[in-house]
Number of protein chains: 2
Amino acid sequence: MSTIGDVAKHAGVSRSTVSYALSGKRAISEETRARIERAIAELGFTPNAGARALKTAETMVLGLMLEFHADEFAPAMLQYVLPVSQAARELGYDILMVTDPDGPKAVHRIADSDMVDGIVLLDVTAADPRLPSLRAVRKPAALIGLPSDTAGLDIVDLDFGEAARMLVDHLQALGHREIVLISPPHHVVERGGSYVWRFRDGAIERAARYGLQIHAYYGESRQPAIRRSVEAILDAHPAATGLIVHNDATVAALPTILRDRGVGVPDDLSVVSLYSRDFGEEFSLPFTAVESAADDLGRHAVAQLVRRITRSPDAGPPVVRFVPPVISDRGSTRHRRR
Amino acid sequence: MSTIGDVAKHAGVSRSTVSYALSGKRAISEETRARIERAIAELGFTPNAGARALKTAETMVLGLMLEFHADEFAPAMLQYVLPVSQAARELGYDILMVTDPDGPKAVHRIADSDMVDGIVLLDVTAADPRLPSLRAVRKPAALIGLPSDTAGLDIVDLDFGEAARMLVDHLQALGHREIVLISPPHHVVERGGSYVWRFRDGAIERAARYGLQIHAYYGESRQPAIRRSVEAILDAHPAATGLIVHNDATVAALPTILRDRGVGVPDDLSVVSLYSRDFGEEFSLPFTAVESAADDLGRHAVAQLVRRITRSPDAGPPVVRFVPPVISDRGSTRHRRR
DNA sequence: CTTCATCGTCGAACCGGTTCGAAAGCCCTG
DNA sequence: CAGGGCTTTCGAACCGGTTCGACGATGAAG
């Protein structure tokens, strides 16, 4: 590769002149600029990113940290990756994707070595072990997912409590009096996935307010356990007419399971859920659902992060944003019979 | 952040001594090393990646290029991302994930600016537009997917022709005489996805050799078109007893469709397919299938790439590796009746 | 006809590492 | 006890950019 020195020599100017021609930070005569541009084209020059980063202290790279847990459902997390990547590129940033199983160490690795200008954290849990590291390093960050201590952090997440209330409202309005809720697997709660109980508590409280009977369970994330658990739950509550599924793996398997049982939707059972539009299309899911808006969350996190990076002093106080849920009616519910 | 100069001052030695203590490239006395290590710990020093890359011309970052086509099935591609990322990390590399819709430009951007030491290309097509750029830049690369011109490139891909032959053999051995094949959507062929015709040709030739009747179709990638196409294809061939599905989106939707038609597997229809173990688990797919081994391909590509990077002169000639298929019997086939 | 901005360019310093050559201190040998 | 070899450490150069201060040329103002 050619360097800025080669270009300077080729154009008969100094290195600094080439640099200014590139950045436009000082005036350069039309004639010189043309010579430099020709030299750049002829030599195929592209500035060395490391050298530039060294001096400017800006890498134009964002870290994207995500962990894959063996017993989890990968497609759900991957939904966020693409929007984040695209949003970043539109703002001039590349994405360093880190899937290191040791999250805290990885945070230090990419931040302390100044490989990135900022960090997006995916699937943040209540007492996320990455947060102490994140606070220790001096890099802006944006989280997708709600930790219990939000101090000083930019956070965006779906308003899961409100989502649950909307779905309960929906069933209540149709006259259902006994409903079942399937949450994510219990080990997600143990790991501190706060969206589980935010949704769960929201649903239970709302149901209580209406005097609805609600049976709340934790589901599974893998076959064949999924089928077994759904069967057992449905068997236990033959009178329930509404089902709320807050569990990606379960909802993906649900059409098959219900068909096998001969349960018609919505005639025998009204089903509502929570997933993103893309997810629903990929798995051909026909359920009325709250859109989880992975796109929105990803784009918002990146935008907020870049704002923090570019005007670090006056980007304002940290913001915790709960994206309001939107319900999308796909006809999988109907008025309760009788 | 503290620099190597701060560490040096704190430990009362020169910068070069710290550097040698870190790299171990020259002997350092036990006592000095201890002082330096203490200083590093106290200051929390981590070397600046950009500065290091500038001098060593090694970034310890690999580019991972993937494109998402709006009308395609995202989970299939994402299967490769995680194994690549993990394999890279095990070898000491981080991943710069690039999803830029303008692939060729992106190749130049990350390669010419020396942001990466090498590049992994996913989902390579016959006349992949990224290849000219890739050959122009002076960076090692590893491809997953087979282009028509393989000159000078390290390539790994599943042996799709052999996979097809194995599946045809499997059905033939069970006595099936009339079978149906559903390939990926036709636009994938137009885009140059060579795995489509490698599989298709392999199946057709093999069937011809046995005198099997085979009806080959291109499927769809999105609902509701998937269901319509499957219905139409099955309606057109009521006597067919075997079905080969080489189409991720279709196979994911297939259990539901067949159930709705009242078609029992394997009693009414023997079904075989091609997908990865993870994919099968995520979608709860019960079909006998060739394992597509996304893990293997990803890990192999990274390993080969790193070999190229670290011993560039003598890493040997480019290798094109076809991973042999492995069939995994899940009981979705049976001997033809009558 | 000086004086003073302004414009366009240059040279040098700097960012934070790595690495080469040399030097200082020590021990051993003849 | 002078000379040679080791071990350990240092200073300086270098990687490829950016940026600051300065300088010569030009034109306008006094």
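Each chain gets a letter, A, B and so on, in the order its sequence line appears, and its residues count up from 1.
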* Residue pair T17(A) / S14(A), side-chain donor-acceptor N/O under 3.5 Å -> yes
* Asked: Below 4.0 angstrom from OP1 or OP2 of dT19(C), is there any side-chain N or O of K55(B)?
  -> no
* Asked: When you check the side-chain N and O atoms of Q86(A) and R89(A), is any donor under 3.5 Å from an acceptor?
  -> no
* To do: Using whole Å, report how far CG of N48(A) lies from P of dC15(C).
  => 18 Å
* Asked: How long is the line joining CD1 of I4(A) and P of dC10(C), in whole Å?
  -> 12 Å
* Structure fact -> Whole-Å distance, R52(A) CZ to dG17(D) P, equals 8 Å
* **Donor-acceptor pair (no angle test) under 3.5 Å: R26(A) side chain, dT9(C) base** => yes
* Asked: For the pair made of CG in L54(B) and C1' in dC14(C), what is the distance, rounded to whole Å?
  -> 12 Å
* Among dG17(C), dT18(D), dT9(D), the nucleotide that comes nearest once only the side chain of I28(B) is considered -> dT9(D)
* Asked: Hey, is the side chain of T17(B) poking within less than 4.0 Å of OP1 or OP2 on dC10(D), counting only N and O atoms?
  -> yes
* Is a donor-acceptor contact shorter than 3.5 angstrom present between the side chain of Y20(A) and the base of dC7(C)? -> no
* NA contact type, T3(A), heavy-atom cut-off 4.0 Å: base, sugar-phosphate, or nothing? -> sugar-phosphate
* Grab the NZ-P distance between K9(A) and dG11(C) for me, whole Å please. => 13 Å
* Evaluate the criterion salt bridge (charged side-chain N to carboxylate O under 4.0 Å, His left out) for residue pair R321(B) and D154(B); output intermediate values, then yes/no. => CA-CA 8 Å; R321(B) 175 153 187 264; D154(B) 285 319; over 6 Å; no
* Asked: Within the pair K25(A) and dT19(D), is there a side-chain N or O less than 4.0 Å away from OP1 or OP2?
  -> yes
* **Side-chain donor/acceptor contact of R15(B) with base of dG17(C) under 3.5 Å** => yes
* **Atom-to-atom span, CZ of R33(B) to C1' of dT8(D) - whole angstrom** => 12 Å
* Considering only heavy atoms and no angle criterion, is a donor-acceptor pair shorter than 3.5 Å present between the side chain of S19(A) and the base of dG17(D)? -> no
* Is D117(A) reaching over with its side chain to a backbone N or O of L62(A), donor-acceptor style, under 3.5 angstrom? -> no
* Whichever of G12(B) and A51(B) has its nearest DNA chain D nucleotide further upstream toward 5' -> G12(B)
* Asked: How many Å lie between CD on E58(A) and P on dG17(D), as a whole number?
  -> 17 Å
* To do: Using whole Å, report how far CD of E31(A) lies from C1' of dC7(C).
  => 14 Å
* **hbond_proxy S16(B) side chain to dG11(D) base (donor-acceptor, 3.5 Å cutoff)** => yes
* Can you tell me if T56(A) uses its side chain to pair, donor with acceptor, with the backbone of R52(A) under 3.5 Å? -> yes
